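This one's a predicted model, so the numbers in the text were calculated from it and none came from an experiment. Computation of the quantities below employed the complete heavy-atom set of this structure, encompassing side-chain atoms and omitting hydrogens, waters and symmetry-equivalent molecules. Counting starts at 1 for both ligands and their atoms, following the listed order.
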Amino acid sequence: MPILVKEQQFHLQTAHTSYIFHVMENGELGQLYYGPRLHDQPAFPELTAREEHGAMPAWRLDHPDVQPETLKQEFASLGKGDYRDPAFQITGEDGSRISEFRYQNARVIAGKQRLEDLPATFDDSADDAQTLVITLADAVTGLTLALSYAVFPHQDVIVRSAKFTNHGRATVKLDRALSLQLDLPDANYDLLQFSGSWARERHLIRRRLRSGIQSVGSLRGASSHQQNPFIALARPDTNEDQGAALGLNLVYSGNFLDQVEVDAFGTARVLTGINPTEFGWQLAVGQSFQTPEAVLSYTDRGLNQLSQQMGAFYQQHLVTPRFAQRPRPVLINNWEGTYFNFDEEKLLAIAREAQRLGIEMFVLDDGWFGHRDDDTTSLGDWDVYAAKLPNGIAHLANQIHGLGLQFGLWFEPEMISLDSDLYRAHPDWTVGAPHREMTPGRNQFVLDMANPVVVDYLYDKMSHLIEDARLDYIKWDMNRNITEAFSQTLPANRQEEFAHRYMLGVYRLYARLTAAYPDVLFESCASGGGRFDLGMMAYAPQAWTSDDTDAVERLRIQFGTSYGYPLAMMGAHVSAVPNDQTGRITPLATRAAVAYFGDLGYELDVTACSTAEKAAIKAQVAFYKAHRDLFQQGTFYRLDSPFTGDKNVGSWQVVSADGRRAVAARYQILNQPNPAYNRLYLRGLLPNQRYQVAGDDHVYFGDELMHAGLLVPNLLTTTQGVDASADFSARVFVIAAVD
Ligand code: GLA
């Protein structure tokens, strides 16, 4: 029984955690505990005991000990004596911004229902999930607030969201409606955030919590390259293998806010949800507003465990079940190979060569539609560019399919070029404020996804191509952020709703396409990893991790991304050198050794490769296929971090569910003369099992590989192979049980 309801105390239990809250004297909810699992008790006097503090606002004259400022609250408002940032704020008809949501009732529901208009977690597998819904009501406005807690016992995950419904007599305005608040009793944590920019996404930053507010967020209309909705709070001594850590993510792809406020009493209030800046919502009588879901998880067994349990949770309860376990194809994408410069013969030549190398899918990237020869035209005109492909997309697709390859196509549905038939016909479908110049981004503008007519247009265009070309895959790109946020379809007092309504339109299009064409694999993309989040993952099981395909940069990007997302979500491609983003020349073997740890692809003109390079690629593809189940579904461990120490080494590992097979890799950025002894300590093996490491005659026990480690020999300056270099080296270790 994961949800224990006693009187007015709620105890959510998972395999290893407890989350406890209760109804306070004033009818509002108070947070009591989140951490390692506790025995249930009728009451927790140690958790409800209070200090009385000086001359602080109290809830009522007859309750001087209920001082909101000193309480750990469950979902707090501002204006009644708690001065911390609130979870929500409502402006009533009379302009008052005070609310008092009092407890009404609690319901426990079996399983976990999806949400109507938003991507959401689910429990199709009867995984014992239960959902607790607490309803509270505000007497003055007539609003109810339903707080939902879905408890997934096996992965130690709790999914929360809030829903406001107006049962009153007048429209109110939601000024802020976050998804989760968690008041922790102390602030002795490090905040782990994943920050960067285009081509440098999700680098780990770890810092101590300090008094005051610290936050990450986005106001770009997308979750962004710059900050990611995933954060973790870890005790200062927590590392990859031990220690307490709490992970938090939002199932949302638009403007978000993750915030931690440390107050005068050393408590830490965690908030996450839609960014209140650029948000407002008119809630008319009879209407509801549902927030996105927030995913919360806790472990006292280190950051690897946190990533593993959250990653496993997404695979089972967020990713479309059809794709969660299905092997993802090794693909070739023509973008870095040809950019806009291709014709049918060129594409077929690449596809034929790719097929000989064992690659399974051909993806045609940007430039196939309208009259698009560069990035200044044609977005919105999703019809074939006859000058490049005179026989049409279906003809090309037939030939690709005839080679035994799957066929995928690039779209950027949410965008419009001024030089397009679509813009000439429907300038009012473009996002832009009246009497203001529109700000270009990558020479393009944004379609008003808050307008249902735009969603219908895109659905018709895309579904036609899916059927005509029998598409197996779509890369859905989004290459600029929003400016002049304004929809011509919304009245003046609803313009603040635009950013969220835009996301609802994007999700609507995704939901319609994935429902109508359930076998099409979607890969999300936003100039690389500019929308790498759980909202996208609910529809697109994989995402293009970064436009940066340089092996060294990718090591950092994929390492950082792995804290919050499983390898199966990370598109990872081998491209040509010198690398187009960094100019760096890394060995082909190193590029592959990084790209193995994700959904492998190639993004180069394979027809231009030497015979030796082709042989190497063929062997890489075969190697990946042989271990694909590990790379895409195995348990992932970070071993050595490229974000700490001398930042010269990174290593990681995947292990099969039964612990009998593993692949580990160690990357060294610059070679060093006379180096220290380097050892690689493996994880997740069976201590009493014998193993062999490919290329090594010795038979090891699992305990030896984990605790004594493997010696990584010094790399001499004379390396062999097609691209000799001692810098940017990688070693891959294949470990298999022997009986
Ligand atoms: C973005 C994507 C790339 C590629 C180009 C095409 O930058 O991230 O992978 O598709 O657009 O214009």
Side-chain angles (χ1 to χ4, degrees), residues 196-202 220-226 228 253 331-342 346-347 350 361-382 385 388-389 407-417 419-420 440-447 462 465 471 473-481 521-533 536 540 542-550 553-554 557-558 561 569-576 579-582 591 595 598-605:
S197 71
W198 172 77
R200 196 161 43 72
E201 294 92 337
R202 289 174 298 284
R220 293 171 175 269
S223 50
S224 88
H225 299 88
Q226 286 73 13
N228 192 270
S253 314
L331 65 84
I332 185 145
N333 177 307
N334 73 306
W335 177 242
E336 284 199 30
T338 67
Y339 292 107
F340 292 105
N341 186 18
F342 58 80
K346 178 74 199 168
L347 299 178
I350 293 175
M361 179 161 74
F362 178 85
V363 177
L364 173 53
D365 209 278
D366 194 355
W368 59 266
F369 52 92
H371 59 104
R372 187 149 160 108
D373 290 314
D374 57 36
D375 65 14
T376 61
T377 77
S378 304
L379 291 167
D381 295 348
W382 301 109
Y385 186 3
K388 283 187 194 174
L389 301 170
F407 180 63
L409 199 57
W410 180 96
F411 286 90
E412 199 180 355
E414 299 153 70
M415 297 295 151
I416 185 164
S417 305
D419 179 7
S420 67
R442 205 202 187 198
N443 299 305
Q444 67 195 47
F445 298 89
V446 183
L447 278 174
M462 293 175 80
L465 274 149
L471 298 185
Y473 161 109
I474 286 177
K475 178 176 170 186
W476 177 324
D477 209 339
M478 191 265 191
N479 279 317
R480 63 156 290 176
N481 292 141
L521 172 63
F522 282 79
E523 176 155 347
S524 77
C525 175
S527 293
R531 209 162 57 179
F532 203 102
D533 57 61
M536 287 291 119
Q542 59 192 64
W544 184 222
T545 314
S546 176
D547 273 349
D548 200 330
T549 51
D550 172 75
E553 295 300 319
R554 266 307 183 109
I557 293 167
Q558 292 174 210
T561 304
M569 189 176 174
M570 294 186 216
H573 298 177
V574 173
S575 64
N579 179 269
D580 277 353
Q581 292 78 37
T582 61
R591 281 172 268 154
D599 300 315
L600 177 68
Y602 287 79
E603 185 152 340
L604 72 177
D605 180 358

Please test Asp375 against Asn479 for side chain to side chain contact (heavy atoms under 4.5 Å, CB included), starting from the C-alpha separation and ending with a verdict. CA-CA 10 Å; Asp375 65 14; Asn479 279 317; over 6 Å; no
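- The CG atom of Asp547 sits 10.5 Å away from the CG atom of Asp580 when rounded to the nearest 0.5 Å.
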Could you walk me through whether Phe342 and Trp335 pass the ring pair (Phe, Tyr, Trp, His ring centres under 6.0 Å) check? CA-CA 10 Å; Phe342 58 80; Trp335 177 242; 9.2 Å; no
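- At a threshold of 4.0 Å, the pair Arg372-Asp381 does not count as salt-bridged, since none of the basic side-chain nitrogens sits closer than that to a carboxylate oxygen.
- Using bins of under 30°, 30° to 60° and over 60° for the plane-to-plane angle, the ring pair Trp368/Trp382 lands in the tilted bin.
- Here the closest non-hydrogen pair linking Gln581 and Asp550 is OE1-N, 4.2 Å.
- Annotation: ligand 1 has protein neighbours Trp335, Asp365, Asp366, Trp410, Arg442, Lys475, Asp477, Asn479, Cys525, Ser527, Gly528, Trp544, Asp547, each with a heavy atom less than 4.0 angstrom from the ligand.
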